[in-house]
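Reminder, nothing fancy here: chain letters follow the sequence lines and each chain counts from 1.
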Amino acid sequence: MLSLSYDLHIHSCLSPCGDNESTPANIVGMAYVKGLDVIALSDHNSSKNCAVAKEVADAYGVTLICAMELTTSEECHVLMLMPSLEKALELDEYVHQRIMPIQNSPELFGEQLIKNSDDETVGIEDTLLISATSISFSQAFPLAESFGGVALPAHVDKSTTSVISNLGFIPPDSTFKSFEMKNISRLEEFRSGYPYLQSCKAITNSDAHYLQDINEPVNFLHAEEKSAAAVIEALRHPSILQE
Amino acid sequence: MTVNELIEKTGYRPLNVSSGYREISGIYNCDLMSVVMSKGFAGAAWVTIMANINAVAVAALTDMAVIVLSEGAALDSVMVEKAKIQDINVVQSDKPIFETSLEIYELMQNA
């Protein structure tokens, strides 16, 4: 079993709120410099910068999980981690068909830039990516599984856009086995308030919208090997993860 | 009734009031951003608990007069900065959404 340093929630310049310096190549470069073993690129409702991130990550030897941060119909954020670029792009297409068709206003929300490995803008996403999709919170988890991935409720301790802020409880039909905390020091408070979380693995990520906010390699999880598939498998079976 | 008059009459805490002269045209209630984006209207006093940065962007998009954070919704400092930059009035009420909205409604009827 390997111990891998991770940061599985990072936004690029494709997210309207993501800094324009946070290009996929810069993010991977930063992860390499910091010595992170595994990162995930998780833009709001899109994986369209994952192809270039994967290309750069392969060159640097950083393990990149192609991901997205889904906005459910209840406006809860859910991390969707995919086993491959191909599956991430399939999910991207699936989600794109189910997002509210609202045009982005770059001056209000920010630009949504698709980059190549030289940081050149090769595309602009016109649909506002932070909008809700028609996918419900409960549907998100089997959806991720159907693409061979895994879904985790994002920043459950955040006062907006988390399952707890927006629903007020963990739905009793939940199946997820791992979840994300923004502030891991509040873990016990949340586990006692929401007992479902006691049987789940908690991870903590940067949710970085700026390069400098990407985590140092201080958080670790255990996986069979250093690969997207192995990390996804580990997050499905929290018993083999290190607290 | 203007936003300045609203603050004067209710004592709502001004978190950012950069265009207090804005006239309030009506009251709007919703706590899901994607619905607000399509249904919010110009001049609205938007009574909500949505205290985050995107609320400010949506208020700007729909040209609302003021965001009225109710239930004493916790303030996000990034939101205030954004409100200043985008010239969006934001005030805070400790009352629930219905009571806050009713209070504004009655003031508008008597204005």
When the 4.5 angstrom heavy-atom criterion is applied to A:S73 and chain B, the contacting part is backbone
What do you reckon, is CD of A:E21 surrounded by more than 12 foreign heavy atoms closer than 6.0 Å?
no
Okay, B:A73 and chain A: the region with an atom under 4.5 Å from a heavy atom over there is neither
NZ or CZ of A:R98 within 45° of A:Y94 ring axis and under 6.0 Å
yes
Within the supplied structure, the quantity of interest is the number of heavy atoms (other residues, nucleotides, ligands) at a distance under 6.0 Å from A:L108 CG; does it exceed 12?
yes
Go through the atoms of B:M33 and report whether side chain, backbone, both or neither lie under 4.5 Å from a heavy atom of chain A.
both
Please check if atom CZ in A:F169 has more than 12 non-hydrogen atoms from other residues, nucleotides or ligands closer than 6.0 Å.
yes
Counting only non-hydrogen atoms closer than 4.5 Å, does A:S159 touch chain B with its backbone (N, CA, C, O), its side chain (CB onward), both, or neither?
neither
Any Lys/Arg nitrogen of B:D63 or B:R22 sitting under 4.0 Å from an Asp/Glu carboxylate oxygen of the other?
yes
Which atoms of A:I130 are under 4.5 Å from chain B, going by heavy atoms: the side chain, the backbone, both sets, or neither?
both
